[in-house]
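A note on names: the letters A, B, ... follow the listed sequences, proteins ahead of strands, and every chain is numbered from 1.
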Amino acid sequence: MKGEERLDPCGEEDLNELMRQRRVKLEKLKERNIQPYALKFNRTDLIVNLRQRFQNLQQGEESDYSTSVAGRLLALRLHGKASFADILDSSGKIQLFASADQLGLEDYEFFTTLDIGDWIGASGKIFKTRRGELTVKVESFQLLSKALRPLPEKWHGLRDVETRYRQRYVDLIVNPEVREKLMIRVDTIHALRDYLDRQGFVEVETPMLQLIPGGATARPFVTYHNALDTNLYLRIAPELFLKRCIIGGLEKVYEINRNFRNEGVSYKHNPEFTMLEFYWAYVDYLDLMDFLEEMLSSIIADLRGSTVIEYQGQKLDFTPPWKRITLLNAVSQALGREIGFYMELDELRRIAEENDIQLEKNWGKGKIITELFERLVEMNLWQPTLVMDYPKEVSPLARTHRNDPNLTERFELIVANREIANAFSELIDPLEQKSRFEQQAAQWEAGDEEAHRIDTDFLRALEYGMPPTGGLGLGVDRLVMLLTDSHSIREVILFPHLRPEAF
RNA sequence: GGGCCGCUAGCUCAGUUGGCAGAGCACUGGACUUUUAAUCCAGGUGUGCCGGGUUCGAGCCCCGGGCGGCUCACCA
């Protein structure tokens, strides 16, 4: 922990030299009746618009256009009676030119005492310097907000990852790529919504607080509702509520929102993460594979200009069609021998042990085969791959496979060794769903904290009749990681979870 | 949770065998009216993550703790 971090951030004592200097300046401003925290500023132009409008201005040429810009002061280059400054607004940077000639001596002196980090507004004519830099010739300016803390230095910026995540506001100021990644995230979510809206899906909002955390295998966060005197769980997935929407007749629904899972934190896991789930009546998982291929490849092409992107130094090719394999074939191939449900449980257990998998006693054939897949195949899958037909044992909400009672009509999209999407032909038979829940309940009794719990209302809903439906979930953060070439999920989440900071 | 690594000035980082705690940027003072990592002259940066221990002497060695990164396990 840095010494400075332990200070009360609002305290007046024990400030470092730079912070003391700024507080002294603040007092001097007040003595001169200068309000250091302005009420408002009438900005006329966003910096990006000025750059576009005056891109053809000649070097040394001055326009007759007078602008008012505002932003944070990021650099000051003092040259005696004339100075340059850079300010940053939400759209970009622009240079200011301030001189004693233009401002008069008193205002010019004030300008030179501004600190890097201060917010200012400035008005004047747009011109281009002899060096070709678009610049505002400041005729008047106003301090909008005084900064009491110094910013990190200009070349190296802020590197310390802990400070970058804890004080993302500073990261956003000094590291332009943070803003760029955020904008790719914004554009990705917008593109997903736009694509689904155009296909006639309706976006719905389903409960974050749930009595029974369902729709996935994961440990939930627990909270408590005072008036109802009951425990509630932060949702681990919206799945069961979105299916209720399908039962209600909505036909094509989706939700993009947060899920919460009370599990480990790592470079690909944050306790809260953003998930897209959609449900589509009358289609099966084969339709969904085509749809996902088309949706993702077109969004990636729109956003990145190509369906081939680079991730962590390697190419990722999203050009359809993607490789499709069945889980059983993939495992068989990796093992160099045919495996399947016809084998005895003991034999599968032996193969798992030979491959360094720590077995648990209640695991059946399906779970063991899935573990083998994750260990032997998934960690080697780099290019987008659709893995089909997961065992029923690990898929309590998916429809039984039309050709094999041990399997379900489920696929996952694996890219760069990680699961990006998970989808299936939904199980719509209420009686079969009931018995699947009961099997899960038995696992729960046996100590599996991630086993699915029986959701009686969901079974009741199914009994009213659910049309054949395909459903898909997509990890938005992980998709954005791929699109921004980010190694860690923390790079694509503005405020990732860290251990509490000790002040 | 396990293993490995890191924590020194506001920021980015050096620091020899255990022997006066440093550099660049930032900051302060001075010069400078077209710079953009501005330049030139001068100057001060400090709870060495915290707490113990060893030692004449600890940023450095030992023990305990904190936070972070990577990685393994778990998971999406």
Side-chain angles (χ1 to χ4, degrees), chain A residues 1-7 14-22 24-25 59-60 74-86 93-103 108 113 115-117 127-135 137 147-166 170 174 216-219 236-237 259-275 356-358 360 371 374-375 378 412-414 418-422 449-450 473-479 481 487-490 496 498-502:
Chain A
M1 190 93 316
K2 303 281 162 51
E4 192 262 331
E5 297 297 340
R6 285 180 290 99
L7 300 176
D14 209 15
L15 301 176
N16 69 53
E17 179 62 28
L18 300 180
M19 290 173 67
R20 270 197 301 273
Q21 284 166 8
R22 291 186 178 215
V24 168
K25 277 188 185 175
Q59 296 189 357
L74 284 192
L76 252 184
R77 293 177 291 280
L78 303 178
H79 295 260
K81 296 288 181 285
S83 302
F84 294 91
D86 299 330
K93 277 191 206 178
I94 198 165
Q95 179 170 266
L96 306 182
F97 176 73
S99 68
D101 290 348
Q102 288 283 327
L103 286 170
Y108 179 75
T113 61
D115 285 310
I116 287 168
F127 77 109
K128 213 167 234 181
T129 64
R130 293 205 289 261
R131 304 283 180 98
E133 183 76 30
L134 197 70
T135 303
K137 184 177 271 183
L148 295 181
R149 285 176 181 261
L151 287 176
E153 63 132 310
K154 54 195 171 190
W155 335 338
H156 302 92
L158 180 63
R159 291 273 176 76
D160 183 85
V161 285
E162 181 177 355
T163 312
R164 286 187 49 230
Y165 298 153
R166 288 195 196 280
V170 179
V174 300
T217 53
R219 299 214 301 267
I236 55 175
N259 289 345
F260 307 86
R261 298 191 184 175
N262 204 342
E263 284 164 353
V265 177
S266 79
Y267 73 97
K268 46 179 160 173
H269 300 89
N270 196 58
E272 53 183 303
F273 62 101
T274 300
M275 185 92 157
D356 300 322
I357 290 170
Q358 296 194 343
E360 290 177 27
E371 289 289 323
E374 286 170 5
R375 165 143 317 216
E378 186 171 285
E412 289 193 359
L413 170 64
I414 309 293
R418 68 203 69 178
E419 177 188 338
I420 297 296
N422 178 21
E449 280 185 74
E450 293 179 354
L474 185 149
V476 173
D477 312 275
R478 289 190 174 176
L479 176 60
M481 285 168 73
H487 170 70
S488 171
I489 198 169
R490 297 185 189 107
L498 300 176
R499 279 198 166 76
E501 183 175 10

Just to be sure I understand the rule, does A:Y108 reach a base, reach only the sugar-phosphate, or reach nothing, if contact means heavy atoms closer than 4.0 Å? nothing
How far does the P atom of B:rG64 sit from the matching atom of B:rU12, given to the nearest Å? 30 Å
Which nucleotide in B:rG10, B:rG69, B:rU33 has an atom nearest any side-chain atom of A:A82: B:rU33
Can you tell me how far P of B:rU35 sits from CZ of A:R130, to the nearest Å? 6 Å
When both hydrogen-bonding distances must be under 3.5 Å and the geometry is Watson-Crick or G-U wobble, what is B:rA14 paired with, if anything? none
For A:H156 and B:rG10, is the shortest distance between a side-chain N/O and OP1 or OP2 below 4.0 Å? no
So what does A:R478 touch, heavy atoms closer than 4.0 Å: a base, only the sugar-phosphate, or nothing? base
Separation of atom OH in A:Y165 from atom C1' in B:rG69, rounded to whole Å: 9 Å
Every protein N/O within reach of nucleotides 26-31 of chain B N/O, cut-off under 3.5 Å:
{"from": "B:rA26", "atom 1": "OP1", "to": "A:K154", "atom 2": "NZ", "distance (Å)": "2.5"}
{"from": "B:rC27", "atom 1": "O3'", "to": "A:Q21", "atom 2": "OE1", "distance (Å)": "3.3"}
{"from": "B:rC27", "atom 1": "O2'", "to": "A:Q21", "atom 2": "OE1", "distance (Å)": "2.2"}
{"from": "B:rC27", "atom 1": "O2'", "to": "A:Q21", "atom 2": "NE2", "distance (Å)": "2.8"}
{"from": "B:rU28", "atom 1": "OP1", "to": "A:K25", "atom 2": "NZ", "distance (Å)": "3.2"}

What contact category does A:R164 fall into here, base, sugar-phosphate, or nothing, at under 4.0 angstrom with non-hydrogen atoms? nothing
Watson-Crick or G-U wobble partner of B:rA58, both distances under 3.5 Å: none
Starting at CD of A:E374 and ending at C1' of B:rA73, how long is that distance when rounded to a whole Å? 13 Å
When all nucleic acid strands are considered with a 4.0 Å heavy-atom cut-off, which category describes A:T217: base, sugar-phosphate, or nothing? sugar-phosphate
Any ion pair linking A:D86 and A:R77 (charged N to carboxylate O, less than 4.0 Å)? yes
Which part of the nucleic acid, if any, lies within reach of A:R261 when heavy atoms closer than 4.0 Å are counted: base, sugar-phosphate only, or nothing? base
Taking N and O atoms by type only, does the side chain of A:E133 place a donor or acceptor under 3.5 Å from a partner on the base of B:rU35? no
Most 5' of A:E263 and A:R159 on RNA chain B, judged by nearest nucleotide: A:R159
Distance, C1' atom - from B:rG1 to B:rA9, rounded to whole angstrom: 37 Å
For B:rC20, the Watson-Crick or wobble counterpart (both distances under 3.5 Å): none
Which value, in whole Å, describes the distance between the C1' atoms of nucleotides B:rG46 and B:rU8? 8 Å
Below the 4.0 Å mark, does B:rG66 have OP1 or OP2 next to a side-chain nitrogen or oxygen of A:R499? no
A:F97 side chain, from C-beta outward: closest of B:rG1, B:rU34, B:rA76: B:rU34
Could you measure between the two P atoms, the one in B:rA21 and the one in B:rU45, and give it in whole Å? 12 Å
Pair of N/O donor and acceptor under 3.5 Å linking B:rU35 base with A:T129 side chain: yes
A:R77 (side chain) and B:rU35 (base): donor-acceptor pair under 3.5 Å: yes
Sugar-phosphate only, base, or nothing, as touched by A:G157 at under 4.0 Å among non-hydrogen atoms: sugar-phosphate
What distance, rounded to whole Å, do you find between the two C1' atoms, one in B:rG19 and one in B:rU55? 12 Å
Which is true for A:R131 with a 4.0 Å heavy-atom rule: it touches a base, it touches only sugar-phosphate, or it touches nothing? base
Report which part of the nucleic acid A:D101 touches: base, sugar-phosphate, or nothing (heavy-atom distance under 4.0 Å, all strands). base
Considering Watson-Crick and G-U wobble pairs with both distances under 3.5 Å, what does B:rA9 pair with? none
Measuring only the P atom in each nucleotide, how far is B:rG44 from B:rG59? A whole number of Å is fine. 22 Å
Do the ring planes of A:F97 and A:F84 sit parallel (below 30°), tilted (30 to 60°) or perpendicular (above 60°)? tilted
Roughly, in whole Å, what's the span from NZ in A:K137 to P in B:rU33? 16 Å
Could you tell me how far B:rG65 sits from B:rA26 if I compare only their C1' atoms? Round to whole Å. 34 Å
Looking at A:E162 and A:R166, does any basic side-chain N land under 4.0 Å from a carboxylate oxygen? yes
Just wondering, do A:F273 and B:rA76 stack (centres under 5.5 Å, planes under 30°)? yes
Just call it for A:E450: base, sugar-phosphate, or nothing, with non-hydrogen atoms closer than 4.0 Å on any strand. sugar-phosphate
Using a distance-only criterion (donor-acceptor N/O pair, under 3.5 Å, no hydrogens), is the base of B:rU36 paired with the side chain of A:D86? no
Assigned partner base of B:rU33, Watson-Crick or wobble definition, under 3.5 Å: none
Got more than 12 heavy atoms from elsewhere within 6.0 Å of NZ, A:K93? no
Tell me which nucleotide, if any, is Watson-Crick or G-U wobble paired with B:rC4 when both distances must be under 3.5 Å. B:rG69
OP1 or OP2 of B:rU45 under 4.0 Å from side-chain N/O of A:R20: no
Inter-nucleotide P distance (B:rC67, B:rA14), Å rounded: 25 Å
Base, sugar-phosphate alone, or nothing: which one does A:E419 contact when heavy atoms must sit under 4.0 Å apart? sugar-phosphate
Give the C-alpha distance, both sets of side-chain angles, the deciding distance and a yes or no for side-chain contact (heavy atoms from CB on, under 4.5 Å) between A:I357 and A:R375. CA-CA 8 Å; A:I357 290 170; A:R375 165 143 317 216; 3.9 Å; yes
Could you tell me whether A:D356 contacts a base, only the sugar-phosphate backbone, or nothing, with contacts defined as non-hydrogen atoms closer than 4.0 Å? nothing
